[in-house]
*Asks:* 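Following this message is one structure expressed as structure tokens.
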Amino acid sequence: MSNLPSEPEFEQAYKELASTLENSTLFEKNPDYKKALQVCAIPERVIQFRVTWENDKGEVQVNRGYRVQFNSALGPYKGGLRLHPTVNLSILKFLGFEQIFKNALTGLSMGGGKGGADFDPKGKSDNEIRKFCVSFMRELNKHIGADTDIPAGDIGCSPREIGWMFGAYRAEKNKWEGTLTGKGGSWGGSLIRPEATGYGLVYYVQHMIQYASGGKESFKGKRVAVSGSGNVAQYAALKAMELGATIISVSDSKGCLIATDDKGITPDLIELIADMKVKRKQLSELANSSEYSNKFKYVGDGARPWVHCGKVDVALPSATQNEVSGEEAQKLIEAGAKFIAEGSNMGCTQEAIDVFEKARKEKKGDAIWYAPGKAANAGGVAVSGLEMAQNSQRLKWSSEEVDEKLKGIMKNCFENCLATAKEFVPAAEGEFPSLVAGGNIAGFSKVAAAMKDQGDWW
């Protein structure tokens, strides 16, 4: 790749997967899979386009729009649209690459893709955001469709933005089809789609806790540190509370909020934070209010919660990529954390993963156990897949039906990761199987086999 521009985020994602495969027995048992990895690392298609729109002053603005259609061996491309000023091709390639294997782990018929634009919704009026979404979809609609590529929301792209994009798609194509997921509940959206990533994350960790404790423990009584305060963090916190946990932190890009009493963060506070996020307010405003200043400690300057929480049982990074460093990973272990699972994509740096995996091998049953995002946060895209199925059948399932299907998908995902790790990365006596290895190998193997059957490599 020396002839290509540096793409640090994508290169990190690729190396993380490749090193796991190389350090397992997969290539010994299937030596031709090395060629599959080489083919899989290059997107089937990268679309880049300009987006021009008019602000409230009547001035023309321009942004870069992207769609990375990475792999369609298992189904139409599926992955979110990120609207954030940091968006670039490296970030979208890393997200799309991860999405291939995450989608494979759900067991549903979905390929992998990702897209978005370097547009910053913060500071923009509703009218400006709507104008951007319509202009963005005027170009993107040429490249997507219910049987081709089904985008969803991501950072900066909430159900409101999905609605504006869907309306623009429908106007351009003169057809109603389920080509976007995360839609409104009254016009094709699935129940519990907003909750799905956070709920699925907690369901996955619940299986980790039960396996590690021989069925004796659950979330009940656990101190859970959460980063982020968006959709994933909110619903992971609420579900963990429902299962008996105490939530001790949330965060945003400016800093973190740490609970200082035994009650921790309550459902009422999560509801308030959700309202603040819609209004694009910072957590610092909450920390400085007279009602909450004596219940929480606020640490600013972009601080993350991991070194400020005191005792921790479970850590759920749920904000963005590379939010747990090697040093913070060590601090979490020292704080007593036994489980860490990524609600965000590539939430841990490679150095952090190395720290967790080293502890897993050395401390065996007393170690921290790490679950990668491509497995642990697959619940969101799983329910997007269920939304696609409902759209295709012109049906709407109850929230109970969707939740039961989500629970089943996360259970199967955990058991698949566990069984694959045991097969390809033998663990020592008393050692937890490597879920990062299991997730990577299980997802990659499924995609590689499908690509071979279809002649993408041979």
Side-chain angles (χ1 to χ4, degrees), residues 1 6-23 41 82 84 86-99 101-102 114 154-155 201 204-205 225-228 230 232-233 236 249 251-253 255-256 299 301-309 312 314-335 337-363 367-378 417 432 434-440 443:
M1 297 183 184
S6 174
E7 295 179 331
E9 292 86 1
F10 171 62
E11 289 164 18
Q12 179 186 341
Y14 174 81
K15 287 173 184 174
E16 189 266 321
L17 179 92
S19 63
T20 305
L21 302 182
E22 289 162 359
N23 291 320
R82 178 169 294 193
H84 196 274
T86 61
V87 162
N88 58 39
L89 201 51
S90 174
I91 287 174
L92 295 180
K93 282 180 67 177
F94 124 62
L95 291 167
F97 188 67
E98 290 273 295
Q99 198 78 47
F101 312 111
K102 178 191 299 187
K114 205 75 180 184
D154 194 77
I155 293 172
L201 173 66
Y204 192 96
V205 176
V226 177
S227 68
V232 180
S249 69
S251 68
D252 61 18
S253 60
C256 57
V299 187
D301 297 324
R304 300 180 291 227
W306 318 122
V307 301
H308 304 287
C309 288
V312 178
V314 180
L316 302 177
S318 304
T320 189
Q321 67 266 16
N322 291 330
E323 54 173 318
V324 183
S325 67
E327 183 181 344
E328 288 168 320
Q330 191 58 51
K331 291 289 185 183
L332 279 170
I333 291 172
E334 292 169 9
K338 295 298 183 187
F339 306 94
I340 178 164
E342 294 172 336
S344 54
N345 294 307
M346 205 165 72
C348 298
T349 63
Q350 187 58 54
E351 291 76 18
I353 296 170
D354 292 343
V355 168
F356 296 139
E357 287 293 275
K358 183 171 183 284
R360 181 184 63 79
K361 292 176 182 177
E362 291 178 353
K363 297 186 178 181
I368 192 168
W369 202 11
Y370 162 72
K374 62 173 64 71
N377 71 36
C417 293
F432 294 137
S434 172
L435 293 177
V436 62
N440 283 337

*Asks:* For Ala225, what residues pass the side chain to side chain contact (heavy atoms under 4.5 Å, CB included) criterion, not counting sequence neighbours?
*Replies:*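 Result, side chain to side chain contact (heavy atoms under 4.5 Å, CB included) vs Ala225: Ile248, Ser249, Trp306, Cys309, Val312.
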*Asks:* So, using side chain to side chain contact (heavy atoms under 4.5 Å, CB included) as the criterion, who are the partners of Glu351 when residues are at least two apart?
*Replies:*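 Here the qualifying residues are Thr349.
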*Asks:* Go through the structure and list residues passing salt bridge (charged side-chain N to carboxylate O under 4.0 Å, His left out) with Glu357, not counting sequence neighbours.
*Replies:*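 Per chain and number, Glu357 pairs via salt bridge (charged side-chain N to carboxylate O under 4.0 Å, His left out) with Arg360.
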*Asks:* Run the numbers on Glu16 and Lys374 for salt bridge (charged side-chain N to carboxylate O under 4.0 Å, His left out), then give the verdict.
*Replies:* CA-CA 12 Å; Glu16 189 266 321; Lys374 62 173 64 71; 3.4 Å; yes
*Asks:* Sequence neighbours left out, what passes salt bridge (charged side-chain N to carboxylate O under 4.0 Å, His left out) with Lys114? Give chain and number order.
*Replies:* Asp154
*Asks:* With sequence neighbours excluded, what pairs up with Lys93 under the salt bridge (charged side-chain N to carboxylate O under 4.0 Å, His left out) test?
*Replies:*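 Salt bridge (charged side-chain N to carboxylate O under 4.0 Å, His left out) list for Lys93, sorted by chain: Glu7.
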*Asks:* What are the two closest non-hydrogen atoms of Pro305 and Val226, and how far apart are they?
*Replies:* CG-O, 3.8 Å
*Asks:* So Tyr370 and Ile353, side chain to side chain contact (heavy atoms under 4.5 Å, CB included) or not? Walk me through it.
*Replies:* CA-CA 8 Å; Tyr370 162 72; Ile353 296 170; 3.5 Å; yes
*Asks:* Applying side-chain hydrogen bond (donor to acceptor under 3.5 Å, both in side chains), can you list everything that pairs with Tyr204, at least two apart in sequence or on another chain?
*Replies:*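 Checked Tyr204 against side-chain hydrogen bond (donor to acceptor under 3.5 Å, both in side chains); zero matches.
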*Asks:* Do the ring planes of Phe97 and Tyr14 sit parallel (below 30°), tilted (30 to 60°) or perpendicular (above 60°)?
*Replies:* tilted
*Asks:* What's the shortest heavy-atom distance between Ala352 and Cys348, and which atoms?
*Replies:*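 That would be CB-CB, 4.0 Å.
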*Asks:* Report the residues that fulfil side-chain hydrogen bond (donor to acceptor under 3.5 Å, both in side chains) with Arg304, sequence neighbours left out, ordered by chain and then residue number.
*Replies:* Glu328
*Asks:* Once rounded to the nearest 0.5 Å, what's the spacing between atom CD1 of Ile340 and atom CH2 of Trp369?
*Replies:* 14.5 Å
*Asks:* Only counting residues at least two apart or in another chain, list the ones meeting side chain to side chain contact (heavy atoms under 4.5 Å, CB included) with Glu327.
*Replies:* Ser325
*Asks:* What's the spacing between Ser19 OG and Asn440 CG if we round to 0.5 Å?
*Replies:* 8.0 Å
*Asks:* What distance separates Leu316 CG from Leu201 CG, expressed to the nearest 0.5 Å?
*Replies:*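 Result: 5.0 Å between the selected atoms.
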*Asks:* What heavy-atom pair brings Glu98 and Ala13 nearest, and what distance separates the two atoms?
*Replies:* OE2-CB, 4.2 Å
*Asks:* Could you verify whether a donor N or O on one side chain and an acceptor N or O on the other, from Asn322 and Gln12, lie under 3.5 Å apart?
*Replies:*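 Per modelled atom types, Asn322 and Gln12 side chains form a pair under 3.5 Å.
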*Asks:* Please list, chain by chain and in numerical order, all residues satisfying side chain to side chain contact (heavy atoms under 4.5 Å, CB included) with Asn377, sequence neighbours excluded.
*Replies:*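 For Asn377 the side chain to side chain contact (heavy atoms under 4.5 Å, CB included) partners, ignoring immediate neighbours, are Lys102, Thr197, Asn345.
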*Asks:* Hey, what do you get for CD1 (Ile333) to NZ (Lys338), rounding to the nearest 0.5 Å?
*Replies:* 9.5 Å
*Asks:* Find the distance between CG (Leu95) and CZ (Arg82) and round it off to the nearest 0.5 Å.
*Replies:*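 With rounding to 0.5 Å, CG (Leu95) is 4.5 Å from CZ (Arg82).
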*Asks:* Mind checking side-chain hydrogen bond (donor to acceptor under 3.5 Å, both in side chains) for Thr86 and listing every partner two or more places apart, or none if nothing turns up?
*Replies:* His84
*Asks:* Short question: side chain of Ser90, backbone of Glu9 - any donor-acceptor pair under 3.5 Å?
*Replies:*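 Indeed, once roles are kept as given, a pair shorter than 3.5 Å links the two residues.
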*Asks:* Which heavy-atom pair separates Ala359 from Ala367 by the least distance, and what is that distance?
*Replies:* O-CB, 3.2 Å
*Asks:* For the residue pair Glu323 / Ser344, report whether a side-chain donor-acceptor contact shorter than 3.5 Å exists.
*Replies:* yes
*Asks:* Apply side-chain hydrogen bond (donor to acceptor under 3.5 Å, both in side chains) to Asn88 and list each qualifying residue two or more places apart in sequence or on a separate chain.
*Replies:* none
*Asks:* Mind checking what makes salt bridge (charged side-chain N to carboxylate O under 4.0 Å, His left out) contact with Lys358, not counting sequence neighbours?
*Replies:* Glu362
